[in-house]
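Residue numbers begin at 1 in each chain, while the letters A, B, ... track the order of the sequences.
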Amino acid sequence: MTADAAERVQQLALAYYGIEFSAARASEIAAELERLELMTRDGLGPTDFNSEPSAGFRRVLLALAREDSQ
Amino acid sequence: MSAVDISDLTELTLVDAADGLRRRAFSSLELTDACLARIDRAQPQLNCFISIDPERARDQARQADAANGTGLLAGVPLAHKDMFYRRGRISTCGSKIRRDVVADITATVLNRLDDAGALEIGTLNMSEFAAGATGHNVHFGDCVNPWKAGYAPGGSSSGSGAAVAARLVFGALGSDTGGSVRLPAYFCGLAGLRPTYGRVSRFGAMPRSWSADAVGPLARTVRDAARLLQVIAGADANDPTSEQVAVPDYEQTIESSLKGLRIGRPTNFFYDNLDDERRAMLDASLAVLRELGAQIVEIEVPDLAPLFAAAQLVLKAEATALHETWLVERPDDYALGIRTEMEAGLFIPATRYIAALRQRGAVLAEFAKAVFGEVDVLHTPVYEYPTPSLAECNPDSAAGAAKIMATFGRCTRPFSFLGLPALTVPAGFTDDGLPTGFQLVGRPFAEAAILNVGHLYQRETDWHERAPALV
């Protein structure tokens, strides 16, 4: 995690939300964001171009339930 | 009505209490008074209630006795996490921010429980805005594990776990976003069910994460949980995320034989951090299920670490969106630990949030194929470490608490992201006198299957019959 990332958190917090984070707190947040980014970006795999965020998931849930009942 | 020693009535299970009321073996008023007397003794130790309304409960009980109703829960005293709205009543959501807000709607689950004849004695303690897995609450005081003073009852449905385990009410509703029903059920020695996403209406329940929230029961036995699910399950026109899927008769299928049923024991991820004592208890529970005729199948599950991270990302983004205004305008009205947990959510790019949600369907399909193509039910730990004391996992003060906090939800949250039904079943006590248990995970909308397995396990064991001693 770079000092730039922490600084960016501070700038965004002020610009978007009017919140002033200390350098230490901004650094913690930046580190957490980096961890989440790495785990999700590399871990979940590619997405089909046509998949929808919510309806797609619910369709799969229902399709699996239908398969099981047959 | 017969003359009954009301001090014994709180020992009944929910199903036995409901059946006894129907037979007129005792009255709802006697049952309610027994609960209230026990609450008087326990509340100062456990702090599991946020509000108690004895007069309303007694009025309801008298009405139930007069009506001699036939509902599945007619005359049975319950209480629920203080986040299910009832018109005209305050639902604090465990927070300072909502502690004076009177609800103008009634949650569908409460309406359904009312229709089944259930009573409501009060409202139960919870983590602030359902954000916390330990039972801490700076606004209403910490909830305490009834099995051992000073220990975490689990959260965020902490009061639901403690109150049901301590025999103060016969069952309770909680909400589960990343494990908030299953974890307190585990720490308090109860059955706790997270139903499939869409199985139970969330209308009138405080939201935390639209993509992961589920309402579910905590109860002394799996059969009790099945009875509660029976009442609350099913589509609701007020909740467009609830699904039109038939609700089976759970108590009818709960006795089905396990012969030939394939129960999966993961060979990866879930056992990575488990100590020998907990591992032995999980193995012993599998041995019981094997004796019942189930086939135990070792199975390598898809890597769940990315799911855990994606679930965290989605939860943080959604919870922070819900709380953005208050985070900006009233930051000091949150507990420090609750606020800081949400702050990273302010900076999650919309593209990452949407990407995680778009991948969810494909990840579920892949998981279901890999796991449920091989087994019918998955058997896993609920929590991998010793139950922490409230002091050592206090998010606002203890050094090292963050490390402990990070351990909660590792075994439960991935299934929230997948939307699958999951059930905690008690499976013994560790040397320090605290409960342990296992988790059963089923196919979408196959709650009946995991309730069946959990119930037959309880028919062979007596862990669920043990009650914590009140001082």
Side-chain angles (χ1 to χ4, degrees), chain A, chain B residues 196-199 210-211 241 243-246 303-314 316-317 324 327-329 331 340-341 343-349 352-369 372 376 402 417-420 442-446 449:
Chain A
M1 201 270 307
T2 63
D4 282 354
E7 205 172 301
R8 207 160 50 242
V9 162
Q10 280 183 306
Q11 288 166 354
L12 286 171
L14 201 57
Y16 280 89
Y17 307 108
I19 299 174
E20 288 187 57
F21 284 123
S22 68
R25 180 65 194 132
S27 177
E28 287 169 2
I29 292 170
E32 189 180 350
L33 289 168
E34 186 179 79
R35 184 181 58 80
L36 283 173
E37 167 75 5
L38 283 175
M39 288 183 79
T40 49
R41 188 186 57 198
D42 298 337
L44 286 178
T47 312
D48 179 77
F49 181 73
N50 291 310
S51 71
E52 298 167 51
S54 176
F57 165 70
R58 289 176 62 190
R59 263 200 298 273
V60 173
L61 212 53
L62 290 170
L64 289 168
R66 268 196 303 276
E67 272 173 30
D68 292 338
S69 67
Q70 284 167 3
Chain B
T196 309
Y197 186 83
R199 173 59 96 188
W210 303 285
S211 299
T241 65
E243 302 289 5
Q244 296 279 355
V245 176
D303 184 11
L304 294 178
L307 269 71
F308 182 80
Q312 266 190 314
L313 186 143
V314 169
K316 265 187 204 299
E324 182 195 326
L327 280 171
V328 172
E329 294 176 2
T340 52
E341 261 294 294
E343 282 170 348
L346 293 167
F347 309 99
I348 291 171
R352 290 289 178 271
Y353 166 69
I354 292 169
L357 286 181
R358 287 180 71 208
Q359 284 165 326
R360 204 173 170 206
V363 169
L364 169 62
E366 184 195 333
F367 183 89
K369 188 176 168 195
F372 295 124
D376 302 298
F417 189 70
L418 295 171
L420 297 171
R443 295 178 164 118
F445 297 97

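Ranked by heavy-atom pairs under 4.5 Å with chain A, the first of B:Thr196, B:Leu364, B:Val328 is B:Leu364. Per-residue counts of heavy-atom pairs under 4.5 Å with chain A were compared for B:Ile354, B:Asp303, B:Thr340; the largest is that of B:Thr340.
Judged by distance alone, with hydrogens and angles left aside, the side-chain atoms of B:Arg358 form a donor-acceptor pair with the main-chain N or O of A:Phe49 at under 3.5 Å.
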Inset, instruction - Output, in order, the C-alpha distance, side-chain angles, deciding distance and verdict of side-chain contact (heavy atoms from CB on, under 4.5 Å) for A:Leu61 and B:Phe445. - result: CA-CA 8 Å; A:Leu61 212 53; B:Phe445 297 97; 4.2 Å; yes
Inset, instruction - Could you go through the side-chain contact (heavy atoms from CB on, under 4.5 Å) check for B:Leu346 and A:Ile29 one step at a time? - result: CA-CA 10 Å; B:Leu346 293 167; A:Ile29 292 170; over 6 Å; no
Inset, instruction - Please report the C-alpha distance between B:Arg443 and A:Leu64 in whole Å, then the side-chain angles of each, then the deciding distance to 0.1 Å, and finally whether the side-chain contact (heavy atoms from CB on, under 4.5 Å) criterion is met. - result: CA-CA 8 Å; B:Arg443 295 178 164 118; A:Leu64 289 168; over 6 Å; no
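Only the side chain of A:Arg35 comes within less than 4.5 Å of a heavy atom of chain B; its backbone N, CA, C and O stay farther away. Neither the backbone nor the side chain of A:Arg59 comes within less than 4.5 Å of any heavy atom of chain B. Looking at B:Gln244, neither its backbone nor its side chain comes within 4.5 Å of chain A, counting heavy atoms on both sides. Contacts of A:Ala13 with chain B are made by both backbone and side-chain atoms, with heavy-atom separations under 4.5 Å. In this structure, the portion of A:Ile19 lying under 4.5 Å from any heavy atom of chain B is its side chain and not its backbone. At a 4.5 Å heavy-atom cutoff, the contact between A:Glu32 and chain B is made by side-chain atoms alone. Residue B:Thr241 touches chain A through both its backbone and its side chain, counting heavy-atom pairs closer than 4.5 Å. Heavy atoms of A:Tyr16 lying under 4.5 Å from chain B are absent altogether.
Within the model, atoms CD of A:Glu67 and NZ of B:Lys369 stand 10.5 Å from one another, a figure rounded to the nearest 0.5 Å. Taken to the nearest 0.5 Å, the CZ atom of B:Arg360 stands 14.0 Å off from the CD atom of A:Glu52.
Nearest heavy atoms, A:Phe57 versus B:Tyr197: CE2-CD2, 3.9 Å.
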